[in-house]
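Single-structure report; data block below.
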Protein chains: 2
Amino acid sequence: MLSKKTKYGLKALSNIARKQSDSPVLISDIAEEENISRKFLEIILLQLKNSGFLGSKKGKGGGYYLLKKPEDITVADLIRVLEGPIALLPCVSLNFYEKCDDCKDEKTCSLKAFMIDVRDSTLEILEKRTLADLT
Amino acid sequence: MLSKKTKYGLKALSNIARKQSDSPVLISDIAEEENISRKFLEIILLQLKNSGFLGSKKGKGGGYYLLKKPEDITVADLIRVLEGPIALLPCVSLNFYEKCDDCKDEKTCSLKAFMIDVRDSTLEILEKRTLADLT
DNA sequence: CATTACCCTAGTAATTCAATAGGCTTTATG
DNA sequence: CATAAAGCCTATTGAATTACTAGGGTAATG
């Protein structure tokens, strides 16, 4: 299951993408429209900014805006930034690999091959879909 | 990512399945072979027993054994018992449905349709693979 | 009847989640 | 230049979850 942070982040980006306006979108507007705590949303949008998905403008008339076209932002990339690894086990993660400390020998692990299949099948859909697919 | 409980549970079942012996398998043997804390493993195996996947025999010569053939136990069912919902959001879970409290209207949610697609694509693989596929 | 091996209840340290609080800095505009 | 608007930054916190640990109870076998 996704954390609320990820869910809120996706909803917020979808909200901004839907507007397609020239002027930046206010945190407060997103918070109200999507029923998200304003302060919590601040943290999330800041993270999306620091990860290069959003730009911001301070002061009056400021707000957040997309740095790329929605169809150029994959859901996989967003989930990696907001939630972390997509794989079910750290030892089969492409972007966040870590050795399982209980595994005596990774080569003979009974789960690994299967988990790689699951990962690939998940990536198949998450890397094809983009922000533009989130209405 | 799967919790350690789920990972340990799958490894333990795979261990029992691999043995295919008539005599039950000891908790201690599994714990040692798979590098799992013995006490933690007790809890996990008990849960798998209460969920109908394993049977047990007490006393000398006791241990745990499978109640079904490995090829009749889907990974999806195991993950549901050990980990919980497979869907990424509660509102698209088939077995653990819950309304999102931030959603003003589920019908117009920007994420729902997409999350249903992800769920279906995940189930596609998790319901086809069985314990027999976990070496 | 003693040993073996599963069963059951409790507790707990560490981490993560989901915020909340409060002030600071930057910018546009009158 | 003053003021209001709007994002930025730091710190804290309550609740829940995770990953165990401790210690004994109970049933079956030989």
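Lettering of chains follows the sequences in order, A, B, ..., and the numbering in each one begins at 1.
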Legend entry - Between S110(A) and S14(B): side-chain donor-acceptor atoms closer than 3.5 Å: yes
Legend entry - Atom-to-atom span, CD1 of I36(B) to C1' of dT21(D) - whole angstrom: 16 Å
Legend entry - Nucleotide nearest K60(A) (side chain, heavy atoms from C-beta), chosen from dA5(D), dG22(C), dC20(D): dA5(D)
Legend entry - Distance in angstrom units between L45(A) CG and dG7(D) P, rounded: 9 Å
Inset, instruction - Map K58(B) and E83(B) onto DNA chain D by nearest heavy atom, then report which one ends up closer to the 5' terminus. - result: E83(B)
Legend entry - Protein-nucleotide distance (I30(B), atom CD1; dC6(C), atom C1'), rounded to Å: 12 Å
Legend entry - G59(B) or K57(A), whichever maps to the more 5' nucleotide of DNA chain C: G59(B)
Legend entry - Joint cluster assignment, L54(B) & F40(B), ILVMFWY side-chain distance < 4.5 Å: yes
Inset, instruction - Looking only at side-chain atoms of I43(A), point me to the closest of dC8(C), dA19(D), dA19(C). - result: dA19(C)
Legend entry - Contact under 4.0 Å: R38(B) side-chain N or O vs dC6(C) OP1/OP2: yes
Legend entry - Pair K11(A) + E33(A), salt bridge at N-O below 4.0 Å: no
Inset, instruction - Please determine if a side-chain N or O atom of S37(A) lies less than 4.0 Å away from the OP1 or OP2 oxygen of dT20(C). - result: yes
Inset, instruction - Would you indicate what K4(A) reaches in the nucleic acid, counting non-hydrogen atoms under 4.0 angstrom: base, sugar-phosphate, or nothing? - result: sugar-phosphate
Inset, instruction - Give K49(A) one of three labels, base, sugar-phosphate or nothing, depending on what nucleic acid heavy atoms sit under 4.0 Å from its own. - result: sugar-phosphate
Legend entry - d(CG, N50(B); C1', dC6(C)) in whole Å: 12 Å
Legend entry - Pair K4(A) + D102(B), salt bridge at N-O below 4.0 Å: no
Inset, instruction - Rounded off to whole Å, could you give me the CZ-to-P distance for the F40(A) and dG7(D) pair? - result: 18 Å
Inset, instruction - Measure the distance from CE on M1(A) to P on dT18(D) and round it to the nearest whole Å. - result: 12 Å
Inset, instruction - Check the distance between dC8(D)'s C1' and L48(A)'s CG and give it to me in whole angstrom. - result: 15 Å
Legend entry - Cationic N near anionic O, under 4.0 Å, K128(B) to D133(B): no
Inset, instruction - Could you tell me whether the phosphate oxygens of dA19(D), OP1 or OP2, come under 4.0 Å of any side-chain nitrogen or oxygen in Y8(B)? - result: no
Inset, instruction - Look at the side chain of E42(B) and the base of dC7(C), then say whether one donor and one acceptor between them are separated by less than 3.5 Å. - result: yes
Legend entry - Side-chain N,O (S56(A)) to OP1/OP2 (dC8(D)) below 4.0 Å: yes
Legend entry - Touch class at under 4.0 angstrom, heavy-atom based, for L26(B) against every strand present: sugar-phosphate
Inset, instruction - Ignoring the backbone of Y64(B), work out which of dG23(D), dC6(C), dT20(C) is nearest its side chain. - result: dC6(C)
Legend entry - Sidechain N-carboxylate O distance under 4.0 Å for E124(B), R129(B): no
Legend entry - Closest-nucleotide 5' rank along DNA chain C - winner of G62(B) and L2(A): G62(B)
Legend entry - Between dC8(D) (C1') and I44(A) (CD1): distance, integer Å: 16 Å
Inset, instruction - Would you indicate what L46(A) reaches in the nucleic acid, counting non-hydrogen atoms under 4.0 angstrom: base, sugar-phosphate, or nothing? - result: sugar-phosphate
